[in-house]
Amino acid sequence: MELFKEDKVYNFLGKGKIFFVASFVLFFLAVALIATKGFSFGIDFTGGTVVQVKYQGPAPIDKVREALEKDELFKHAAVSEFGSPEEIVIKTAASTDGLSKDIGDVTREILKGTGEFEIRRVDMVGPKVGDELRVKGLTAFLLTLGAIMAMVTFRYEWRFALAAIIAIVHDIVITFGFVSYFDIDFNIESVAALLMILGYSIHDTIIVYDRIREHIQESKNSDFVMIVNEAVSRTQSRTTLTSLTVFFVVLTLFLFGGDIMLGFSFPMLVGVIIGTYSSIFVAAQLVVWTGFSVGRYREKMAEKQKLQAEKEKMRAQFEQGIV
């Protein structure tokens with residue numbers, strides 16, 4: 001399927017400054033939001049207990065809070081609607097290690113008299129496990145980011161590598177700025193989304209970079225902006241189709257997966273949009289602004305090809321016993 005004509009060159013960088021400035025205003029707003037507001041961490045990282053309760057009719061949240069306040073275990077527990085007016089989640093940081101009864105039975109006993117309900121889910125994570133998950137999640141993210149940085153550094157000219165790394169950081173920060181703003185629980189599923197966004201973002205950027213590199217070698221044009229526009233135009237159909245495929249899958253999870261999937265589906269939904277956008281208007285634009293010279297790059301590549309040809313010639317002579 002061809003969404004964009006292959007033989008037409010679109011001027012993606014023509015208004016690049018406007019998009020770039022708007023993008024980095026959003027980036028710094030996200031940084032400020034994360035620094036001041038932070039994240040609403042789920043029990044995966046903080047430890048505690050989550051109980052999901054479904055009522056026959058609208059949940060009497062005020063009555064539930066009153067009943068819970070009378071019990072030491074659920075004192076200061078947070079009660080909120082979960083997906084529909086009939087369902088609620090009760091979150092408490094209290095440790096349940098010393099309980100001799102099942103926490104679901106305890107909750108059922110406390111909420112007796114608030115209406116007809118059923119306990120749908122009980123999750124418990126100890127503080128020590130929460131700390132371990134937080135450390136392991138952060139470690140996984142840093143190792144993945146380090147591996148990606150090393151890969152682009154060795155694979156591309158330093159200006160391309162620098163632009164790709166900045167674009168990745170840009171995507172992650174803006175995505176989790178949205179997570180912070182909308183108070184989405186940051187849990188182990190969010191870490192999985194974070195790692196997937198890293199992979200998706202760099203993959204999209206690499207596709208564009210490879211095509212730019214091909215155009216530099218194949219084209220006689222020395223105008224780098226024109227080369228970038230040509231390269232992005234050639235990849236646009238593929239990029240759009242791939243992005244839309246991922247977007248609709250994640251949108252389905254977001255719409256029908258319920259609140260329990262929000263920690264994964266929401267960051268992915270935002271990340272796909274930002275990652276696709278940044279590969280064109282951030283990563284490509286940054287390479288242009290770093291002063292990349294098509295002439296110098298072609299000279300460097302010609303020198304590499306000359307050295308490679310000499311090595312091949314020497315190897316052939318060695319195999320024939322001439323050297």
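Sequence positions, counted from 1, serve as the residue numbers for this chain. All heavy atoms count here, side chains included; hydrogens, waters and symmetry mates do not.
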- Which of parallel (below 30°), tilted (30 to 60°) and perpendicular (above 60°) describes F39 and F186? tilted
- Task: Rounded to the nearest 0.5 Å, what's the gap from CG on L198 to CD1 on I148? Could you check?
- Result: 4.5 Å
- Task: Would you tell me whether Y200 and S243 have side-chain atoms, one donor and one acceptor, within less than 3.5 Å of each other?
- Result: yes
- Task: Can you see which heavy atom on E81 is nearest to which on I61, and at what distance?
- Result: N-CD1, 4.3 Å
- Greater than 12 external heavy atoms within 6.0 Å of Y181's OH: no
- With sequence neighbours left out, write down each residue that passes ring-ring contact (aromatic ring centres under 6.0 Å, His included) with Y55, or none if nothing qualifies. F117
- Task: Check whether more than 12 heavy atoms from other residues, nucleotides or ligands sit under 6.0 Å from atom CE of M226, and answer yes or no.
- Result: no
- Tell me, which pairs form a ring pair (Phe, Tyr, Trp, His ring centres under 6.0 Å) where one or both residues lie in residues 229-272, sequence neighbours left out? F182-F266
- Message: Take a 6.0 Å sphere around CE of M196 and say whether it holds more than 12 heavy atoms from other residues, nucleotides or ligands.
- Response: no
- Note on the structure: OG1 (T242) and NE2 (H203) are apart, to the nearest 0.5 Å, by 7.5 Å
- Query: Is the side chain of K91 donor-acceptor paired with the backbone N or O of V79 at a distance under 3.5 Å, no angle test?
  - Reply: no
- Check the side chains of E86 and Q56 for a donor-acceptor pair under 3.5 angstrom, ignoring hydrogens and angles. no
- Hey, are S40 and D185 close enough side-chain-wise for a donor-acceptor pair under 3.5 Å? yes
- How far does CG of L262 sit from CE of M268, to the nearest 0.5 angstrom? 14.0 Å
- Task: For the pair T276 (side chain) and V272 (backbone), establish whether a donor and an acceptor sit closer than 3.5 Å, ignoring hydrogens and angles.
- Result: yes
